[in-house]
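Protein chains get the first letters and strands the later ones, always in sequence-line order, with residue 1 at the start of each.
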Amino acid sequence: MQVYLEGLNEQQREAVLHRDGPIMIVAGAGSGKTKVLTTRIAHLLATGVDPFNILALTFTNKAAAEMKERVEHILGNNEARNIYIGTFHSVFARILRAEAEKLGYPRNFTIYDTDDAKSVVKTVVNELGLDDKHYKPNTVYNRISSAKNALITPEEYINDYGLQQEDMRSNRPMIGQIYDAYCKRCYKNGAMDFDDLLLKFYLLLKTHPESLSKYQRKFKYIMIDEYQDTNTAQYQIIKLLGAMHENVAVVGDDAQSIYSFRGATIENILQFQKDYDEVKVVMLEQNYRSSQSILHVANNVIANNKGQLPKKLWTSNAEGEKIKLVRTATDNDEGKYVADAIQEQKLRNHYRNNDFAILYRTNAQSRSFEESLRRMNIAYRIYGGISFYQRKEIKDFLSYLRVILNPGDEEALKRIINFPARGIGKTSVEKAVLFANQNNVSMWNVLGQAAQFGYKASTLEVINNFVIMIKMFQSELQKKNAYDLSILVGKNTGLVKELFNDKTTEGLARYENIQELLNSIKEFTETPTEDGELLDKSLGSYLQQITLLTDADDDKGESDVVKLMTIHAAKGLEFPVVFVGGLEETLFPNAMSINTREELEEERRLFYVAITRAKQRLWLTYANTRYRFGNLTQNDPSRFIEELPEERLDRAFAGGNMRNNQSNQWNSFDKAKTGFRTSSQENRSATKEKPAYMVTSPVVKIKEHTPTEGFTPSDTSNLQEGQKIEHQKFGFGEVIKMEGAAHNPVATVKFEHNGEKKIMLNYAKLRIVE
DNA sequence: GATGTGAAGCTTTTT
DNA sequence: GCTTCACATC
């Protein structure tokens, strides 16, 4: 028997040894999925498959890197470097580079990140004479993104009755036209957004039979990780690519499908067996990760969902400790409690910072945890949020590099044309864009022939200097590698100097960030590429790589830190000790996702993912009150709490002061299955007891109001001017004005004691008095 | 054209 | 509560 097969259980071995024909591996949480995938690849290679014929697709760069590393480890050689292992986006981007001209794109096409894309949407909305307050870039972009992920072209969108109806209903009938204009603008800019990397690749395969057969022949063995999260575009691509050999192996877990908001359809995994004549199905049901208690709780939770692939996860691990379910008075107390618990665990059970993860539903929740950890001097790192590459100074610098490579990239050009300031102001830029649109050329072309467009002499001169500088950089493109060119750019543009001269704290941070960027470019040019295919150290090669990187990907140092991230970001990871915060109604499950059974089930799967990240110990926490939108809100405990098996729980309450914790046990009043009702009295006294350092802000002078007995929020969807209402904190008042978008109405209320306030009805709880 | 101020936006998740 | 954006001022 091959050495690599040792240590696999029966099902895992079955999955590895099945060489030809479609196979679906249903891999429960912690069941050794990556091990199976990597061993499978090793087995293919060991039995004579050429590494060039293998394609393995993942969702994150991290997963791809790990897979590559582990295959190499099993094989003990570097054959793996010739395998196409990468994310959907990066692998397709690489192929699209090579085939760009067939689709009419420049080889050096730019990849627009979400910010770039939204900016283009805004530009286009304005150019169509529409109001970007109503056609919000965010909303419109999401709509376009969904269309692309469903492989719907602008023409199809405009002609689709259902979609048009939806847009009519939301009073945004022009989205189809915006979509069309957006695509045209991206094309003109020589740019693809994230979704294009899938969509255009699909179109390439669909419209160029020779390309299709080329890649079908190349990718004889295809492996897909996290199949439950694929969207329609990805699904169709896999189907096309795999049609010739049908050696498609998909690995996934329907219970962990959490990306439907991004177009993923759980149907893809539920239907896989019907896509091919004979599908081998293997269930991996033994969990090697978690304690029995943790797994038991997870199983209980997910059992509340309908329509799952039938399976029962089990483990031979130790029973482990009970799950701690902790209620706190406020979100700050929650943060404090978690930081204290980490400290205590470190002392008592010899954990290191690295062993802990704090998971939450929304990024905004990180704040209270952050503050407490900082106060306790516990090192931490937040994953997600603004990534390094989205920072302003980094984007500015990268925009220079983008323009050098693809001067058609109008977004980048607009960013840098007057940064650092060189006297090309807003009006000059607007003029250039206008000329470009009128003459159907790029903005760069207009700048190159600025003399013909009637700029005044002084402006003309600075424009020409700018153009000459960029052209000079371009002429170095062939001669210099990415790093040397970047240094040249930094010097000649004065960008680095400008930041260096800024001695404010932020300026210093920005300067350091630029240095860090330059370091990473240097590292890129000095590390041998693993692609085998090309040892390309050019700027183009660099830019392609980094656009698809996210914050989670650069584990710089991987030092000993507590990790904070959203549950979404934690998928695929595991930690010895996990804290899941904010188990409250409207937060988790999120208010946005409780309208349909499907949405609620996805939230529950998310909770399942959170629980199953834990190996040894698990804490679930929730707060009575928490600041949201600057308003103190009260939330009921999450409905998911009721789905936890009582016998595996260890309940506790933590007020403002941890030391009183032991004596302050969960009482029978709170334990009532109906969820506890916090009286405002109890609530406020808890707030008052907070030590001074925990007070969040210089308190706004509000005349505190005690809600009426049995305060229940009313349905405010038809709230009218003139109505009388009661607000939990501000008291009684009269609605004097209604405004805001239909889905986000805002009421101006004149309160008896607290003046006029604007209240967002989506978030505030109001009781209609009359 | 740069800088400062106040209001309005926002918060579901991201390759 | 925090961030972004528009507008006003110098």
Side-chain angles (χ1 to χ4, degrees), chain A residues 57-64 86-93 111-115 117 122 132-133 136-139 141-142 145 149 193-198 226 229-231 233-234 257-264 331-332 359-368 371 383-387 390 392 418-429 459 462 547-553 565-571 582 586-594 599 602-603 605-606 609-610 626-633 696-700 739-741 744 746 758 760 762-763:
Chain A
L57 297 174
T58 65
F59 275 86
T60 64
N61 295 298
K62 204 174 182 177
T87 64
F88 283 90
H89 291 86
S90 69
V91 168
F92 296 169
I111 298 172
Y112 278 165
D113 67 18
T114 316
D115 290 338
K122 194 174 174 185
D132 62 27
K133 290 266 159 50
K136 288 197 200 98
N138 227 326
T139 318
Y141 172 75
N142 284 337
S145 176
N149 285 327
D193 63 20
F194 286 152
D195 304 315
D196 282 331
L197 297 176
L198 309 179
E226 309 277 15
D229 286 330
T230 52
N231 60 34
Q234 288 159 331
S257 161
I258 54 173
Y259 278 107
S260 74
F261 69 94
R262 233 169 58 195
D331 48 351
N332 285 328
L359 309 180
Y360 35 76
R361 177 68 240 266
T362 65
N363 276 311
Q365 284 167 258
S366 68
R367 212 194 86 245
S368 59
E371 280 173 10
Y383 289 77
I386 358 106
S387 105
Q390 284 171 349
K392 188 184 169 298
N418 200 34
F419 185 80
R422 53 174 68 84
I424 309 176
K426 206 170 140 199
T427 17
S428 306
V429 172
T459 314
V462 282
T547 323
L548 295 169
L549 284 183
T550 51
D551 196 39
D553 293 322
M565 64 185 90
T566 63
I567 301 166
H568 282 89
K571 197 184 67 164
T586 73
L587 189 59
F588 192 18
N590 197 273
M592 297 277 177
S593 312
I594 49 172
E599 283 175 352
E602 177 144 322
E603 292 287 299
R605 290 194 293 271
L606 198 53
V609 168
R626 113 172 19 248
Y627 272 95
R628 287 234 263 171
F629 276 119
N631 280 1
L632 193 66
T633 57
T696 16
S697 65
V699 186
V700 204
E739 58 197 330
N744 186 24
V746 177
K758 296 207 172 197
M760 301 179 85
N762 286 350
Y763 303 97

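- Rounded to whole angstrom, the span from the CG atom of A/Asn590 across to the C1' atom of B/dC10 amounts to 13 Å.
- For the OP1/OP2 pair of B/dT14 and a distance below 4.0 Å, the side-chain nitrogens and oxygens of A/Thr566 include at least one atom meeting the criterion.
- The residue A/Lys571 sits apart from the nucleic acid: no heavy atom pair falls under 4.0 Å.
- For the pair A/Asn418 CG and B/dG1 P, the interatomic distance rounds to 7 Å; values are reported in whole Å.
- Rounded to an integer number of Å, the gap from CZ of A/Phe59 to P of B/dT13 is 19 Å.
- B/dT11 and C/dA6 are spaced 22 Å apart, taking the C1' atom of each and rounding to whole Å.
- Closest to the side chain of A/Glu603, out of B/dT11, B/dT14, B/dT12, is B/dT12.
- Counting to the nearest Å, the P atom of B/dT14 and the CG atom of A/Leu197 are 19 Å from each other.
- Here the side chain of A/Asp195 pairs no donor or acceptor atom with the backbone of A/Asn149 at under 3.5 angstrom.
- Protein atom CG of A/Asn363 is 14 Å distant from nucleotide atom C1' of C/dT3, rounded to whole Å.
- Atom P of nucleotide B/dT14 and atom CZ of A/Phe261 are separated by 6 Å, given to the nearest angstrom.
- Atom NZ in A/Lys392 sits about 15 Å away from atom C1' in C/dT3, given to the nearest Å.
- Between A/Phe261 and A/Tyr259, the two ring planes are tilted [angle within 30° to 60°].
- The side chain of A/Thr87 has B/dT15 as its nearest neighbour among B/dT15, B/dT14, B/dT12.
- The side chain of A/Lys136 lies closest to B/dG9, out of B/dG9, B/dT15, B/dT11.
- Not a single donor-acceptor pair under 3.5 Å links the side chain of A/Glu602 to the backbone N or O of A/Glu599.
- Look at OH on A/Tyr627: it is 11 Å from P on C/dC2, rounded to the nearest Å.
- Of the two residues contacting DNA chain B, namely A/His89 and A/Ala421, the nearest-nucleotide position lying further toward the 5' end is that of A/Ala421.
- Between A/Gly423 and A/His568, the residue whose closest nucleotide on DNA chain B is further toward the 5' end is A/Gly423.
- In terms of modelled atom types and a separation under 3.5 Å, the side chain of A/Gln365 and the main chain of A/Thr362 share a donor-acceptor contact.
- A donor-acceptor pair under 3.5 Å links the side-chain atoms of A/Asn418 to the main chain of A/Arg422, judged by distance alone.
- A/Thr114 comes within contact range of at least one nucleobase, with a heavy-atom separation under 4.0 Å.
- Within 4.0 Å of A/Tyr259, counting heavy atoms only, lie sugar-phosphate atoms of the nucleic acid but no base atom.
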